[in-house]
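All remarks here apply to the structure that follows.
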Amino acid sequence: MNQTGHFVHLHNHTEFSMLDGLLRIEEMVQKAVEFKMPALAITDHGNMFGAVEFYQKAIKAKLKPIIGCEMYLAKESRLIRDKTETSPYHLVLLCVNDQGYKNLCQLITLSYLEGFYYKPRVDRELLEKYGSGLIGLSACLHGEIPMMLLSGKEALAGKRIRWYQEL
């Protein structure tokens with residue numbers, strides 16, 4: 001909830017979220033307006049193909065658009081291409097400002113050019129370099145922190161949370 005008491009959904013997959021999205025942008029924006037949401041985010045998996053359409057339709061509907069992406073995070077390095085890296089973690093990144101948008105574009109580009117192995121992946125090195133202007137969310141159960149907690153690695157999860165907070 002924001003300060004006005006309205007819910008703002010920050011993790012949505014549109015039809016542009018490869019193999020994982022169903023929402024049509026126009027319908028999603030209409031529902032957000034109908035429910036009196038002041039803002040809405042899109043966080044498609046590994047891309048921002050719908051960002052421009054979403055931004056334009058949200059602005060037209062007087063809804064604050066929040067651009068983001070659910071990134072795939074390599075368990076070690078985006079440069080490793082072996083079976084340990086076939087199930088990368090998920091990490092939601094949201095743009096706070098223009099610098100964040102530029103950095104998210106850079107992260108997505110590099111995830112395809114340098115990190116692609118089954119999926120477009122980033123790693124901690126890229127997050128440190130291009131993290132400015134972005135807010136990170138722990139994502140779904142496939143996120144790094146949830147996976148650590150589910151496997152009983154609370155101390156490691158705490159260490160990783162502190163790393164993200166400092167970042």
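Only this structure's heavy atoms are used, side chains among them; waters, hydrogens and symmetry mates stay out.
- Of the inter-residue distances, the one linking L22 atom CG with E27 atom CD reads 9.0 Å to the nearest 0.5 angstrom.
- To the nearest 0.5 angstrom, R24 atom CZ is 5.0 Å from E15 atom CD.
- Here the side chain of N47 pairs no donor or acceptor atom with the backbone of I108 at under 3.5 angstrom.
- Looking at heavy atoms from C-beta onward, P88 lies out of side-chain contact with L73 at the 4.5 angstrom threshold.
- Within the 4.5 Å cutoff, the side chain of L127 has heavy atoms near those of the L93 side chain.
- Remark: side-chain polar atoms of N12 are paired, donor with acceptor, to backbone N or O of A41 under 3.5 angstrom.
- Between H13 and H45, the ring planes are parallel. Angles under 30° get that label, and only those over 60° would be called perpendicular.
- Taking a cutoff of 4.0 Å between a charged side-chain nitrogen and a carboxylate oxygen, E76 and R121 do not qualify as a salt bridge.
- One finds the CD atom of E144 at 9.5 Å from the CD1 atom of I161 (value rounded to the nearest 0.5 Å).
- Between the CD1 atom of I67 and the OH atom of Y101 there is a distance of 7.0 Å, given to the nearest 0.5 Å.
- By the 4.5 Å heavy-atom criterion applied to side chains, N103 and Q99 are counted as neighbours.
- Taking the ring centroids of H142 and Y89, they lie at or beyond the 6.0 Å cut-off.
- The pair K57-E53 meets the salt-bridge criterion, since a charged nitrogen lies less than 4.0 angstrom from a carboxylate oxygen.
- Taken from CE in M147 to SG in C140, the straight-line distance is 9.0 Å, to the nearest 0.5 Å.
- Side-chain N or O atoms of D123 include one that pairs as donor or acceptor with a backbone N or O of L126 at under 3.5 Å.
- Note on M71 and Y117: separate hydrophobic clusters, where clusters join Ile, Leu, Val, Met, Phe, Trp and Tyr whose side-chain heavy atoms are under 4.5 Å apart, directly or indirectly.
- Looking at E125 and R78, a side-chain N of the basic residue comes within less than 4.0 Å of a carboxylate O on the acidic one, giving a salt bridge.
- Taking CD1 of I80 as the start and NZ of K75 as the end, the distance is 12.0 Å to the nearest 0.5 Å.
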